[in-house]
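Worksheet: one structure, shown below.
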Amino acid sequence: MKKLSHPPRLAVALFDWYCGTAAADDLRGDLDELYYRDINRMSVMRAKFRYWKHCMELITSYALKKRKQKAAVSTFSSNSFHPAMLKNYFLIATRNLARHKFFTIINVLGLAIGMSICLLFIAMLSFIWQYDTFHSNNDNIYRVISETNSVNDNREFASAPSALADKLSENIEGITEVVRINRSLNSVVKFENTEVSLAGYFTDPSFLNVFTFPLLKGNSHTALSKPNSIIITEKAAKKLFGSEDPFGKMVTLDNLGECVITGVMHELPKNSHLKFEILASYSTILAAEQATPSVKDWHESRTSYVYMLLPDNASTENIERYLQSVSQAYLRDENFHISFSLQAMNDINPGPDLYNQIGPSWDYTSISIFFVLTLLILIPACFNYANISISRALKRMKEIGLRKVMGGQKDQIFLQFILETVIITFLALGLSYYIFVIVRNEFVSMVVAGPETLDLSIDFQTLLYFAVFALLVGLLAGTIPALYFSRLTPVQALKSKPTGSSTRFSFRKVLTVFQFALSLGFIMSVVIVYNQYRQTLNYDFGFQQANILDVDLQGTDPEIFRNEFSKLSSVQTLSMSSHVMGTGSVDATWIVDRVKSDSVEVFQMFVDQHYLSNLGLHLLAGENFTDNAAANANRVVVNEEFLHQFKIKNPHEAIGQTFSLADNHDVIVTGVVRNFHYLHLREPIKSFFFRYDKTQFHVANIKVVSTDIFTTISEMESVWKIFGGEKKFEAKFFDDEIGEAYAFYFSMIKICAFLGMLAISISCLGLLGMVVFTVENRVKEIGIRKVMGASTQTVTILLSRDFAKLMVIAAMIATPLTYLFFDKLYLQAQRYKLPIGVSEIAISLFIMLALGLATILSQTMKAAKANPVDTLRSE
Amino acid sequence: MKGYIGEFEELVLLTIASLGDEAYGVSIKEDIEMRANRTISIGALHSTITRLEEKRLLKSRLGEPTQERGGRSKRFFELTHEGKAALHEMKNLRDELWKISKTTLSLGK
């Protein structure tokens, strides 16, 4: 029987809900009647669909709107918006804020703290968004990026083989300019007696046409056309030439010889993803003697980049297609596949995380992590506000009731409270801007290479963003209380009876627990990272670092150095090396793998025959370098990981094997040492070997036996003067240098401490608000209890108990989570992890509980001590 | 009388007049749909009726609950004096225009 079928229940429910108290019975009747007529004429499905349609038509109709208006609380009700009311809202809001100063301060302070880190984020984002926008062609510049797929890993690189550039300009029409960049220019530049180490690019003359880097001096068309011509930036020129005019001067670059300065460039803007101090013509690298075939090789693309300028609105499709075919034509290999694609310059920063970036990079992942961190701070601050506002609702009930009786509509009450919140957030914005200015520079210095690549100064646009942000925070924080207040019925409000108190209270509890859990997380992070730092310094790196003084040779002859310094009685042993081990700077080279056709990356260091014994490296098989320098030239001492990489099982088997390096040298393994951490502890130990090359020695490692280190060093300084000339004697203790290499822990501690401070202040402010409010409401109860004989102590415990319970729950949630986070995620990335001890957890718990309890007790004890006469007398 | 009435409003008013005591939402809708051979949305109809009520051209009363509408009552509409006057005014205007038309308006073959 079709007659028994019902109209769709959901539609009916929706309609009824929408109508609310409005008189719409006859409309419902019309709907039902139409439905029952339809059902006799068509399928149930269609009838139901038509019922929905009719419902929606009525819901959106003027008829229902009018009826709803009529059904509103008061005859004064009006849906129209009166700007005059805004003035009233503003007035009431400011009066309220002025009257309840304590809560205003708590709210403003909490929001300001929460917002300050967001301001950092916004300023940073707005700067990153303007990366590379200073180029006049920025929309039309692209670069070629490559993606490699080998059997066990896929990587995307920002670099591309330079040979592609020739192919592109030969085969593709419609590319305005192609420019090759090679970033391997990194050399000591000598002018008369000054030596400065400068870094930059080899590049084509078209560089200056494609990118907008104006020259102060020199012709931008010809400056880079001849070999051995150099463009220098203003700042670098000042370092090298002082106040002299650099233009046209001859300078000497090691490896490249004499070069002439053909241009002086304006200092680079901070928001450039290309960072250089000098530019040399591309023909320089091609002409230079040491230019290995790798520069033109397809496989060698670690330092070379290909950029291009396209005409306006050009399609990149045919270039993309060509790039795909190129990779198939020139790079055929079964185990290793490489493909190229275009990346618009506007997508570089912020952009995807690529390997081999040419300059500073801001990838989406790290931006997102920062974003999540800011939200973790901001959202609790907003909830605090909501929490405190709602818990103080009782005080505002009468006002809202009266407004409603006099015709205040839901949306108007809503608007009023949103406006009040926005006023508070703007006050908070002022304060947080102040905090922002204070922490800004500290923050910039914490970011890697921050001072050169990040500028957080404020312009009009950023200020505008800040204002919009404050408005959004106002909406975010204000919505919950505004909804709550606007929903009150006048009767409830005038009776001052809050609704649904039980559910709201549990929401507040959850919030407090969440905030404290978060704070505890940050505190624990600080303590754990600090401990990691301390333990790292005592970690067994596989070599000795005590009592070794590293002296920078600064170009002096290692032999003379050895002869002179060996004479000192305090020098026990002395060795030479190219780097300071374990501090994160080690060269890499490539070995041609005979099994796979791809080459294998091997880290290398150049040392002399005394190095291994001086640093206490353990020789497993074979022998050290010999005293005969010539015989050492082809010898290498490898580490265990090297054997592993080349599938050699026994250290003794390795002795005598030969390997060919990428630069066509053959080397013979003569010794194997036990694994040690030549790089940072974060990095895994990989294939590594020691080589012997006198010309590469830059550091002397002196084992010092001395009771008076000051005299020893001054002795050394006087010896240094004999052959070091004017240069300053520069020596550092090895263990200090290792310590410096781990200084990044300090920035992490700083960041965590900063975030933790923010989080804990916000939680404590929120807690303070709640405690003060609860105590205020229970003043009479406390008075009566005391009159009936309760002691101050029991009353304090009674008042504090509930809050203390919340903190214990927070601790129970946060402790395992933080532990897991560090144990599983962070320390996993660390490679050689150190265990987290119980003491770290205990210290963090103590800090959090102490702060939280101090907040609670400061209020409850005051209330418990109050004289019952004072509290009971009034009313 | 302020304002003037639109074509659809006139149609609704006349339909209500023609339905007499039986003018309520669904009957008005069906009558117009049948006579004018066009589909009208229930929302648009009620909106127009509400506007006409606001202009005081219509008044309404609630009827008795009826079985076929799930026990809900109908709201019946009837013309007010102003409503009738507005229709007259409209008709007079039309008649006059018909009368003075200089083109022959008859559709004769």
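In what follows, every chain begins at residue 1, and chains take the letters A, B, ... in the order their sequences are listed. Basis for what follows: all heavy atoms, side chains included, without hydrogens, waters or symmetry-related copies.
- Of all residues spanning residues 6-22 of chain B, none has a heavy atom less than 4.5 Å away from chain A's heavy atoms.
- Interface residues of residues 49-62 of chain A toward chain B, defined by a heavy-atom distance below 4.5 Å and sorted by number: A:His54, A:Glu57, A:Leu58, A:Ser61, A:Tyr62.
- A salt bridge is defined here as a Lys NZ or Arg NE, NH1 or NH2 lying under 4.0 Å from an Asp or Glu carboxylate O, and A:Glu420 with A:Arg396 meets this definition.
- Applying the ring-ring contact (aromatic ring centres under 6.0 Å, His included) test to every pair with at least one member in residues 28-62 of chain B, sequence neighbours left out, gives no pairs at all.
- When every heavy atom of A:Phe469 is checked against every heavy atom of A:Cys118, the shortest pair comes out as CZ-CB, 3.3 Å.
- The two residues A:Tyr385 and A:Ala477 come nearest to each other via the heavy atoms CD2-O, 3.6 Å.
- Listed in order of number, the residues of residues 36-44 of chain B that approach chain A to under 4.5 Å between heavy atoms are B:Ser41, B:Ile42, B:Gly43.
- Annotation for B:Arg75 and B:Ser60: closest pair NH1-OG, 3.0 Å, computed over non-hydrogen atoms.
- The heavy-atom pair separating A:Val12 from A:Pro7 by the smallest distance is CG2-CB, 4.1 Å.
- The environment of CZ in A:Phe383 is sparse: at most 12 heavy-atom neighbours from other residues, nucleotides or ligands sit within 6.0 Å.
- In summary, B:Asp95 and B:Lys99 do not engage in a salt bridge, as defined by a charged side-chain N under 4.0 Å from a carboxylate O.
- The most heavy-atom pairs under 4.5 Å with chain A, out of B:Arg72, B:Glu30, B:Arg51, come from B:Arg72.
- Between A:Gly474 and A:Thr421 the shortest heavy-atom distance is O-CG2, 3.4 Å.
- The main-chain N or O of A:Leu488 is found under 3.5 Å from a side-chain atom of A:Lys404 such that the two form a donor-acceptor pair.
- The aromatic rings of B:Phe76 and B:Tyr24 stand perpendicular to each other, their planes meeting at an angle above 60°, with 30° marking the opposite boundary.
- Residues A:Leu378 and A:Cys382 form a side-chain contact, since some pair of their non-hydrogen atoms from C-beta on lies under 4.5 Å apart.
- Looking at B:Glu53 and A:Lys66, no side-chain N of the basic residue comes within less than 4.0 Å of a carboxylate O on the acidic one, giving no salt bridge.
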